Amino acid sequence: VVAVYPASLGIADVLLPIDLVAAHSASRLVDAVYVRSAPGATIAVDGAAVRDLSRGEYLRQLAAAPSLNAVANFLLVAIVAAYIAISTVNTSVTATVERRSEFRLLRLLGVTRRQALRMVAWEAGITVALGTLIAVAVAAIALFGVARGLGQGVPSLSAAVWLGLIGGGAVIGLAATLLPARAVMRL
């Protein structure tokens, strides 16, 4: 064994000499060879396709290439978000439509349609705000746990993604309550 990595993060747990690996492998091909050389040194390999990249250039190319894992993770998150959105809309619409008699009673007591809708908007706003706080807390706990398990410090997620998720959830939650309430009060 040449090296042992305590937190591999996708790299093999151990690094073995090429001769040992070749003796136990059906293919003697190597995907990549990483060489550290002195600045300005020339690396010559007979008959091999060699790309001479600095560490920074290599990392930029790696970051620019869309990984299959990133695409799969994005699709998985999109499917989960769509399911959550459908569930939220279904629950909110059902709960609001079931309050039809309550809205009728409020109208009979002299509450205007606008006042009743404002009341529903406040209720939905408070519910969405509390739901958002709970969702962010649960997501933060899970993300910090995963990041710690992978040996990273703080999980990185851009502010635009956070604001998009929170804003999208708020719009869906409010619309799924206010639109059915408005329709029910017209009847």
Side-chain angles (χ1 to χ4, degrees), residues 1-90 125 128-176:
V1 174
V2 177
V4 176
Y5 299 106
S8 66
L9 299 177
I11 302 171
D13 293 329
V14 295
L15 186 62
L16 300 171
I18 188 66
D19 295 333
L20 179 63
V21 174
H24 295 87
S25 173
S27 169
R28 297 186 57 93
L29 300 177
V30 176
D31 292 336
V33 175
Y34 301 100
V35 178
R36 179 178 291 175
S37 63
T42 304
I43 300 172
V45 179
D46 293 333
V50 176
R51 290 186 302 154
D52 185 16
L53 300 174
S54 69
R55 183 176 190 273
E57 290 170 330
Y58 171 73
L59 291 175
R60 277 191 293 281
Q61 282 186 1
L62 197 60
S67 86
L68 189 57
N69 284 341
V71 172
N73 287 342
F74 176 78
L75 288 175
L76 182 62
V77 169
I79 290 169
V80 170
Y83 175 77
I84 290 170
I86 292 168
S87 298
T88 300
V89 168
N90 188 29
V128 165
L130 288 173
T132 300
L133 288 174
I134 292 169
V136 168
V138 169
I141 291 169
L143 287 173
F144 275 98
V146 168
R148 184 176 169 102
L150 292 174
Q152 300 172 348
V154 178
S156 65
L157 196 60
S158 70
V161 172
W162 276 105
L163 292 176
L165 290 171
I166 291 169
V171 167
I172 289 171
L174 290 171

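Remember, predicted model here, so these are calculated numbers, not experimental data.
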- prompt: Of all residues at least two apart in sequence or in a different chain, which pass the side-chain contact (heavy atoms from CB on, under 4.5 Å) check with Leu133?
  reply: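 In terms of side-chain contact (heavy atoms from CB on, under 4.5 Å), with neighbours along the sequence ignored, Leu133 is linked to no residue.
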Distance-minimising heavy-atom pair for Val128 and Leu174: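 Scanning both residues completely, I find the closest heavy atoms to be CG2-N, 4.1 Å.
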field: With sequence neighbours excluded, residues passing side-chain contact (heavy atoms from CB on, under 4.5 Å) with Val161
entry: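 Leu157, Ser158, Leu165.
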